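The structure appears below as structure tokens.
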Amino acid sequence: MTPRPRRYRYGAWHGGSDPLEPPVDLREALDQIGRDVMEGASPRSALEEMLRTGTRETSGLDELTRRLWQRRSELQRRHNLDGTLQEVRRLLDRAVAQERESLVAEEGDDARFRELQLDALPPDAAGSVQELSNYDWRSQDARETFEEIQRMLGSEFLEQRFKGMKEALQDTTPEDVERVRKMLDDLSELLAAHARGDADVPRRFDEFMAEHGEFFPENPRNVDELIDALAARSAAAQRMLNSMSEQQRAELSQLSQQAFGDPRIGEALNRMDQQLQSLRPGEDWSGRGRFRGDQPMGLAEATEAMAELGELEQLAQQLGQSYPGASLQDIDLEALERQLGEQAVVDAQRLSEIERQLRQQGLLQRAPDGNLQLSPRAMRRLGETALQSVISQLRSRQGERDTDRAGAAGELTGTTRPWSYGDTEPWDAGRTVRNSVLRRAAEGPRSPLLQVDDLEVAETEQRSRAAVALCVDTSWSMVQDGRWVPMKRTALALNHLVATRYRSDALQLVTFGRYASTVDDRELAALEGTWEQGTNLHHALLLAGRHVRRNSDAQPVVLVVTDGEPTAHLETDGEAVFQYPPTPRTLGVTLSEVDSLHRLGATLSVFMLGEDPRLERFVNIVARRGGGRVVAPTADGLGAAVVGDYLRTKRRC
């Protein structure tokens with residue numbers, strides 16, 4: 001028996017985020033957050049800024065909000081609200097003209113009296129319709145045109161409150177009008193029972209839907225869902241009225257009594273509006289919109305427009321995330337798709353996923369004080385990014401690949417890593433063969449025996465050990481002249497290089513402004529620039545000397561990044577003394593500490609930022625007495641200069 005072939009059906013994915021979508025790019029998001037943190041923002045504000053601006057592949061909340069307001073503006077510029085009144089006036093003029101044409105052919109006082117009645121009609125359309133509601137039309141065409149006005153008013157007023165009613169009442173009969181009136185009366189009784197809290201409301205709701213369910217395509221499951229749907233539309237109708245002139249509102253109120261020629265319909269609608277406003281006071285009943293276009297809208301269409309404006313404003317509030325307890329999960333994705341399309345939903349979901357994964361993967365964590373902070377894993381990622389930037393600069397400038405080697409002397413560390421172009425470490429045969437076997441087991445025996453991705457190399461370390469002190473200037477001029485972030489990126493790059501490739505080296509980060517202090521990579525990344533006078537290189541070198549002495553078995557290396565000559569020094573009582581221009585005392589104690597480091601065997605290199613002649617003269621003296629050199633990089637080239645100098649020192653070790 002031949003097995004039946006399987007049948008497959010393909011369609012759009014409706015299960016949330018597309019499973020075939022590429023994973024969100026956490027690296028780019030984290031780099032963006034890291035840049036803002038290094039510029040002085042808190043991790044929380046940096047995260048919020050990233051969500052607002054988005055990434056290269058994802059529109060941010062600000063862009064989505066801008067598109068919402070653009071759509072809102074286009075809607076208001078294109079339309080106006082007096083479409084129904086204009087249509088009433090047009091049909092009324094036609095009915096009167098048809099009646100006059102019929103009266104002209106008649107003779108007698110009755111025909112002339114009727115002409116006088118038509119001449120005396122009120123100037124406003126609502127007053128004329130009210131006046132003619134009891135008029136005995138002589139022209140059958142005029143009578144039908146006037147009845148068309150009443151049917152049009154009835155369907156417009158009903159469509160305002162009940163979506164889809166206009167199509168259902170295209171050819172309205174007296175029986176249809178009676179069914180609508182009964183539905184409104186029964187609805188009023190149901191709403192009143194719900195307001196009183198009657199116990200039999202669920203039963204009455206079921207009976208109501210069984211009899212009148214055809215009027216409610218939303219198919220509400222209970223009375224609350226019914227009220228929610230009706231109240232939202234009724235509130236939009238009220239906002240439309242609020243947006244009209246006082247004269248227009250008065251005319252519509254008067255015309256509502258002519259809906260289907262039965263004033264009870266208008267009265268029932270008004271009663272329903274009052275009940276809904278009492279049951280759902282949280283809806284926006286007082287808002288308004290300004291429509292200034294030249295395309296008229298009928299009552300139903302204008303109500304839809306007001307509902308759309310309300311939806312746009314709600315979405316903008318959700319995207320703004322400015323209310324207490326705001327979350328990206330609050331965004332109504334269905335409404336967002338209606339207004340901006342599928343791609344906007346994809347962008348919102350990606351932003352939410354980025355935020356979720358940043359927390360879930362431990363890249364953002366809570367500090368003991370409850371504030372968000374970058375985790376050690378996130379700091380490693382920032383250091384890796386900074387180091388990669390430095391490597392690319394070193395390669396383009398010198399063709400060097402020192403930073404790709406874990407050690408030049410060849411002492412195995414016991415760890416391996418995937419091979420990359422330019423690596424000189426020995427292959428790890430066992431790991432390479434294992435990778436090949438696992439890959440071929442997954443791909444099949446016809447796959448190549450060995451591929452580049454299978455290769456792993458054994459990491460090695462330098463046999464000589466270095467004690468490195470990186471002293472970075474944190475005075476206000478570094479912030480003012482755009483050197484703050486390059487300085488931080490340089491420190492993170494060097495820290496990551498030492499932590500991952502030269503693990504036996506001891507690195508100490510020292511910041512110096514009015515005072516100096518030792519910091520770790522996370523503290524440095526989060527350090528904010530503050531207005532503080534003083535460049536206390538003397539204190540920084542004291543801390544560097546302490547680090548060197550603590551690691552007496554290592555080759556001492558001191559690297560100084562500064563953009564100003566020393567203007568402060570530390571007295572024996574621990575107080576910093578500031579003076580500009582620098583005093584001989586400040587220069588003397590600073591150079592004395594340079595000499596102390598030189599006696600310890602340290603090489604002291606200075607990376608001079610800026611073109612201050614006084615600073616240049618001073619750092620030349622420091623380099624000469626400290627056995628180092630002076631480098632004058634640009635801010636963008638600072639990282640390559642510092643890391644390159646460190647590697648140059650390592651080669652001499």
Side-chain angles (χ1 to χ4, degrees), residues 68 71-72 75-76 79 81 84 155-169 180 183-184 186-195 201 205 208-209 212-244 249 252 256 259 265-266 268-291 297-320 323 329-340:
L68 286 177
R71 181 170 176 80
R72 179 178 183 269
L75 184 65
Q76 290 179 305
H79 297 291
L81 300 177
T84 296
S155 62
E156 287 283 350
F157 280 114
L158 284 174
E159 179 73 10
Q160 273 192 300
R161 279 77 167 189
F162 304 93
K163 190 172 184 178
M165 187 75 76
K166 190 173 184 179
E167 289 76 12
L169 297 175
V180 168
M183 181 272 291
L184 291 173
D186 291 348
L187 176 61
S188 179
E189 292 178 5
L190 177 63
L191 296 179
H194 178 72
V201 166
F205 169 78
F208 176 82
M209 291 300 298
H212 305 297
E214 61 181 305
F215 296 108
F216 303 93
E218 304 93 343
N219 195 25
R221 293 170 297 181
N222 52 55
V223 70
D224 285 309
E225 288 189 6
L226 173 66
I227 294 173
D228 288 341
L230 292 175
R233 202 160 178 85
S234 179
Q238 183 59 51
R239 293 195 300 274
M240 183 212 69
L241 288 174
N242 299 341
S243 305
M244 290 181 162
R249 287 196 296 272
L252 285 177
S256 68
I265 299 291
L269 289 174
N270 291 334
R271 182 170 63 250
M272 182 191 75
D273 289 340
Q274 294 172 5
Q275 289 176 301
L276 291 172
Q277 188 165 358
S278 175
L279 291 169
R280 293 293 185 269
E283 290 283 348
D284 182 8
W285 299 92
S286 59
R288 64 183 63 221
R290 184 186 176 197
F291 290 85
M297 294 185 293
L299 292 180
E301 189 180 2
T303 300
E304 287 283 356
M306 293 306 302
E308 186 172 355
L309 288 183
E311 185 171 81
L312 288 169
E313 291 175 0
Q314 279 191 337
L315 279 171
Q317 185 180 26
Q318 293 165 7
L319 292 173
Y323 51 91
Q329 303 301 320
D330 299 341
I331 299 174
D332 186 338
L333 297 181
E334 292 184 0
L336 188 63
E337 183 175 2
R338 281 195 298 271
Q339 298 299 337
L340 299 183

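Note that the structure is predicted; figures quoted are calculated from it, not measured.
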Smallest heavy-atom separation, Thr84 atom then Gly298 atom, equals OG1-CA, 3.2 Å
Glu189 and Phe208: side-chain contact (heavy atoms from CB on, under 4.5 Å), yes or no, with the steps?
-> CA-CA 10 Å; Glu189 292 178 5; Phe208 176 82; over 6 Å; no
With a 4.5 Å limit on heavy-atom distance, are the side chains of Ser256 and Leu269 in contact?
-> no
Hey, could you give me the CE/CZ distance between Met209 and Phe216, rounded to the nearest 0.5 Å?
-> 6.5 Å
Here the gap from Arg161 atom CZ to Leu184 atom CG, rounded to the nearest 0.5 Å, amounts to 9.5 Å
Between Leu279 and Ala195, what is the shortest heavy-atom contact and its length?
-> CD2-CB, 3.9 Å
What is the distance from atom CE of Met183 to atom CD of Glu214, rounded to the nearest 0.5 Å?
-> 8.5 Å
Answer yes or no: is there a donor N or O on one side and an acceptor on the other, between the side chain of Asp330 and the main chain of Gln318, under 3.5 Å?
-> no
Point-to-point distance, once rounded to the nearest 0.5 Å, from CG of Leu276 to CD of Glu283 = 9.5 Å
Hey, does Asp224 have a side-chain heavy atom less than 4.5 Å from the side chain of His194?
-> yes
Shortest non-hydrogen contact from Phe291 toward Met306 = CE1-SD, 3.3 Å
Can you check side-chain contact (heavy atoms from CB on, under 4.5 Å) on Arg288 and Met244, steps first, answer last?
-> CA-CA 9 Å; Arg288 64 183 63 221; Met244 290 181 162; over 6 Å; no
Looking at residues at least two apart in the chain, or sitting in another chain, which of them share a side chain to side chain contact (heavy atoms under 4.5 Å, CB included) with Gln275?
-> Ser188, Leu191, Ala192, Arg271
Smallest heavy-atom separation, Ala302 atom then Leu81 atom, equals CB-CD2, 3.7 Å
Ala316: partners by side chain to side chain contact (heavy atoms under 4.5 Å, CB included), with sequence neighbours left out | Thr65, Leu68, Trp69
Under the side-chain contact (heavy atoms from CB on, under 4.5 Å) criterion, do Phe215 and Val180 qualify, and how do the steps go?
-> CA-CA 9 Å; Phe215 296 108; Val180 168; 4.0 Å; yes
List for me each residue that meets side chain to side chain contact (heavy atoms under 4.5 Å, CB included) alongside Glu304, sequence neighbours excluded, and say none if there are none.
-> Lys163, Arg233
Between Phe162 and Phe157, is the gap from one ring center to the other below 6.0 Å?
-> no
Less than 4.0 Å between a side-chain N and a carboxylate O, is that true for Glu308 and Arg338?
-> no
Counting only N and O atoms by type, is there a donor-acceptor contact under 3.5 Å from the side chain of Arg249 to the main-chain atoms of Leu241?
-> yes
Indicate yes or no for a side-chain donor-acceptor contact from Ser243 to the backbone of Gly289 under 3.5 Å, with no hydrogens or angles considered.
-> yes
Under 3.5 Å side-chain donor-acceptor pair for Asp273 and Gln277 | no
Could you grab the distance from atom CG of Leu319 to atom CD of Gln314, nearest 0.5 Å is fine?
-> 11.5 Å
Output yes when a side-chain donor or acceptor of Trp285 lies under 3.5 Å from a complementary backbone atom of Arg280, and no otherwise.
-> yes
What is the distance from atom CG of Leu309 to atom CZ of Arg239, rounded to the nearest 0.5 Å?
-> 8.0 Å
Is there side-chain contact between Arg72 and Glu313, with heavy atoms separated by less than 4.5 Å?
-> yes
Please examine the side chains of Leu226 and Leu187, heavy atoms only from C-beta on, and report whether any two atoms are closer than 4.5 Å.
-> yes
Is a side-chain N or O of Glu156 found less than 3.5 angstrom from the main chain of Leu299, in a donor-acceptor match?
-> yes
